[in-house]
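Below you'll find the structure, written out as structure tokens, and then a few comments.
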Amino acid sequence: MNYTSTRNDSLSVSSAYAIANGISEEGGLFVPTDIPEVSAEFIESLVPLTYIERARKVLSLYLTDFTAEEIDADTFGAYSTGFTHEKVAPLVNLHGNTNILELWHGPTCAFKDMALQLLPYLLTSSAKKTADGKEIVILVATSGDTGKAALEGFKDVDGTRILVFYPSDGVSAMQKLQMTTQQGKNVGVCAIKGNFDDAQTGVKTIFTDPAVKAKLLSENMAFSSANSINWGRLVPQIVYYFSAYADMIASGQIKNGDKINFTVPTGNFGNILAAYYAMKMGLPVNKLICASNENNVLTEFINTGRYNRVRQFHTTVSPSMDILVSSNLERLIFHLSDKGSAETAELFGKLKEDGEYTVSADMLGKIQSVFSAGCCNDCETKKTIGETFSAHNYLLDPHTAVAVKVYNSYKESTGDTTPTVIVSTASPYKFTPAVLEGLGKSAGSSDEFDMIDAVVSHTGVPAPKKLTELKGATPRFTQTVEKTEMEAVVLSMLGI
């Protein structure tokens with residue numbers, strides 16, 4: 001299994017190279033040259049296995065330059081501790097043939113843990129093969145959950161340093177507290193005046209700046225990424241779609257070979273792209289339903305073929321989806337293009353220069369044959385939280401609530417009764433103000449931990465210890481800079 005770049009398909013590299021480097025030199029993203037296909041027998045073999053065993057089987061199809069011993073050690077290290085549920089990613093029946101895939105039982109209470117507990121192991125193994133002893137510098141832009149999950153995954157990992165940038169007013173109070181109180185000798189956190197897209201653009205610019213790369217090289221350092229632009233972040237996410245399907249077989253909801261839907265709340269398109277890879281591998285999928293909040297750039301794109309980032313940016317109660325430039329969409333465009341990297345580079349060049357692009361009618365047809373899309377506003381999100389708890393005694397976070405609302409609208413408009421898995425991306429206790437509003441309750445206080453207590457009191461749903469133990473913690477990182485100062489912050493952190 002080799003990998004190429006979305007903007008230079010003459011390139012052919014190993015998975016270790018792709019993971020260690022994070023992004024290709026010309027700014028493209030690494031993708032597999034061929035997507036491995038699996039049989040019905042392969043899927044059936046997953047049913048009796050643990051999550052770790054399922055991960056080993058799926059990952060081995062993509063990481064062919066890793067030994068079986070390396071994959072065994074990496075998956076065991078990632079998932080054997082730190083997750084509070086024995087199934088790691090449990091499937092919960094909401095009602096009828098509608099299920100919730102809970103991906104937030106890891107150390108930071110967000111779905112990013114599913115990949116970012118594994119990525120440090122993959123990166124360490126990759127660096128041994130390709131980095132020639134260089135210290136790996138991880139740069140991260142976050143809209144909330146990736147930052148904490150990456151910090152937690154890479155803290156005190158030998159041979160690495162990690163620096164996270166987040167929008168100062170674009171994350172929840174709990175997300176900010178999680179990041180700014182992070183422990184570890186090799187970590188750094190900095191807020192920027194701007195939104196997530198500003199942070200993401202800044203990180204990409206630093207990544208591909210030859211002068212900055214030369215400075216790092218002179219110090220025997222090299223950049224890599226923990227964002228989902230890194231293939232090592234994306235490939236672990238493929239696993240939980242296979243795992244959810246296997247659990248549906250085990251519960252008797254479906255038979256092997258029956259098609260199901262996945263509804264995924266997403267801003268950067270990585271989470272739903274992993275489901276697309278699983279489908280292309282042979283997982284029986286009827287429809288991938290893309291759920292957006294008021295920043296509905298993906299909904300418009302899937303419905304019209306026009307991607308336009310020049311629009312009003314909304315700060316919402318589902319901040320991890322407050323994104324206007326969905327980086328992972330580039331991978332999908334590359335796979336669907338008949339012209340490969342030439343067309344991909346042209347389209348994303350237009351996005352950078354003009355703020356928009358439009359795909360061909362042929363490509364739009366391919367997209368709509370797989371994807372459906374919808375969006376909802378904050379009022380609908382909070383209403384869905386209240387209605388879902390009232391009807392099913394299940395407490396949603398605002399991102400999952402977006403997915404539930406979009407799925408309900410999809411089902412009503414299409415009449416599609418295919419068994420469905422709704423991907424749940426975070427604990428509701430990371431977003432207590434919106435949850436309380438949705439429940440029609442008040443904490444009588446703006447204190448984050450008073451609000452946690454209020455949600456527990458009103459619902460009886462226990463709060464994760466990883467969040468409650470932050471009470472009284474003192475932030476280590478309090479710096480806020482202009483987006484133009486990000487490069488200086490990176491070099492200062494590294495002592496260059």
Side-chain angles (χ1 to χ4, degrees), residues 100-101 103-104 110-112 141-147 166-167 169-176 194-200 228 262-273 275 288-304 306-329 371-388 395-413 422-428 430-439:
I100 301 285
L101 178 60
L103 300 178
W104 40 263
F111 84 101
K112 306 296 176 73
T142 185
S143 54
D145 287 331
T146 289
Y166 70 93
D169 297 319
V171 300
S172 76
M174 181 58 75
Q175 288 173 316
K176 182 176 182 179
N195 57 40
F196 169 75
D197 293 315
D198 295 322
Q200 182 168 250
S228 56
F262 287 104
T263 304
V264 187
T266 185
N268 217 13
F269 206 73
N271 203 3
I272 198 167
L273 181 65
L288 299 178
I289 303 162
C290 178
S292 303
N293 61 19
E294 287 183 86
N295 295 295
N296 61 350
V297 62
L298 284 171
T299 301
E300 181 182 291
F301 172 71
I302 291 170
N303 289 335
T304 70
R306 178 175 180 250
Y307 194 102
N308 176 25
R309 64 172 173 81
V310 184
R311 61 179 65 217
Q312 182 180 354
F313 179 88
H314 299 279
T315 300
T316 74
V317 297
S318 46
S320 297
M321 299 159 66
D322 291 348
I323 296 170
L324 295 181
V325 180
S326 305
S327 290
N328 272 289
L329 191 58
F371 294 92
S372 180
C375 58
C376 71
N377 60 33
D378 279 358
C379 182
E380 293 169 314
T381 299
K382 288 180 279 192
K383 184 180 179 182
T384 301
I385 291 172
E387 289 177 345
T388 303
L395 191 61
L396 301 169
D397 88 285
H399 304 78
T400 310
V402 168
V404 171
K405 168 59 179 172
V406 168
Y407 172 64
N408 289 341
S409 298
Y410 165 85
K411 188 176 180 180
E412 183 178 344
S413 65
I422 298 171
V423 176
S424 180
T425 57
S427 165
K430 298 187 76 168
F431 309 93
T432 47
V435 170
L436 281 170
E437 285 190 58
L439 295 171

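Everything numeric in this text was worked out from a predicted model, so none of it was measured.
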**Complete:** Rounded to the nearest 0.5 angstrom, the CG-CG distance for L395 and L439 is 6.0 Å
**Prompt:** For residues D322 and N293, is any side-chain donor paired with an opposing acceptor at under 3.5 Å?
**Reply:** yes
**Asked** Between atom CD1 of I100 and atom CG of L103, what is the distance when rounded to the nearest 0.5 Å?
**Response** 10.5 Å
**Message:** Nearest 0.5 angstrom please: M174 CE to S427 OG, how far?
**Reply:** 9.0 Å
**Asked** Any side-chain heavy-atom pair from F371 and I272 closer than 4.5 angstrom?
**Response** yes
**Asked** Got a donor-acceptor contact below 3.5 angstrom from the H399 side chain to the S320 backbone?
**Response** yes
**Prompt:** So do T381 and K405 actually touch side chain to side chain, heavy atoms under 4.5 Å?
**Reply:** no
**Asked** So, D145 side chain and K112 main chain: donor-acceptor pair closer than 3.5 Å or not?
**Response** no
**4.5 Å side-chain heavy-atom contact, P265 and V423** = yes
**Test item: R311 and N296 side chains (from C-beta on) under 4.5 Å apart, heavy atoms** = yes
**Message:** Are the side chains of V404 and L396 in contact, using a 4.5 Å heavy-atom criterion?
**Reply:** yes
**Request:** Heavy atoms only: give me the nearest S292-V402 pair and the separation to one decimal.
**Result:** O-CG1, 3.3 Å
**Spacing of Y166 atom OH and N195 atom CG [to the nearest 0.5 Å]** = 15.0 Å
**Within-4.5 Å side-chain heavy-atom neighbours: V317 and F431** = no
**Item:** Heavy-atom donor-acceptor pair, S413 side chain to Y410 backbone, under 3.5 Å
**Value:** yes
**Prompt:** Any idea which heavy atoms bring A291 and A403 closest together, and the distance?
**Reply:** CB-CA, 3.7 Å
**Asked** Would you find a donor on one side and an acceptor on the other, under 3.5 Å apart, between the side chain of Q200 and the backbone of V325?
**Response** yes
**Item:** Exercise: identify the closest heavy-atom pair between S172 and P319
**Value:** N-CG, 4.1 Å
**Exam field: side chain N271 to backbone T266, donor-acceptor pair closer than 3.5 Å** = no
**Asked** Has the side chain of S424 got a donor or acceptor atom that lies under 3.5 Å from a matching backbone atom of T400?
**Response** no
**Prompt:** Is any side-chain heavy atom of M321 closer than 4.5 Å to a side-chain heavy atom of T316?
**Reply:** no
**Contact summary for N308 and E300, nearest pair of heavy atoms** = CB-OE2, 4.0 Å
**Asked** Step by step, would you call L329 with Y307 a side chain to side chain contact (heavy atoms under 4.5 Å, CB included)?
**Response** CA-CA 10 Å; L329 191 58; Y307 194 102; 3.5 Å; yes
**Prompt:** Where do N295 and Q312 come nearest, in terms of heavy atoms and distance?
**Reply:** OD1-O, 4.1 Å
**Fill in**
In short, G270 meets N328 closest at the heavy-atom pair CA-ND2, 3.5 Å
**Atom pair CG (L273) and OG (S228), whose distance is rounded to the nearest 0.5 Å** = 8.5 Å
**Request:** Give a yes or no on whether the ring-centroid distance for F301 and F269 is below 6.0 angstrom.
**Result:** no
**Prompt:** CG/N303 to CG/L298 distance, rounded to the nearest 0.5 angstrom?
**Reply:** 10.5 Å
**Asked** For K382, does the NZ atom sit with more than 12 other heavy atoms under 6.0 Å from it, leaving out its own atoms?
**Response** yes
**Message:** Any side-chain to backbone donor/acceptor pair from E387 onto T384? Under 3.5 Å, distance only.
**Reply:** no
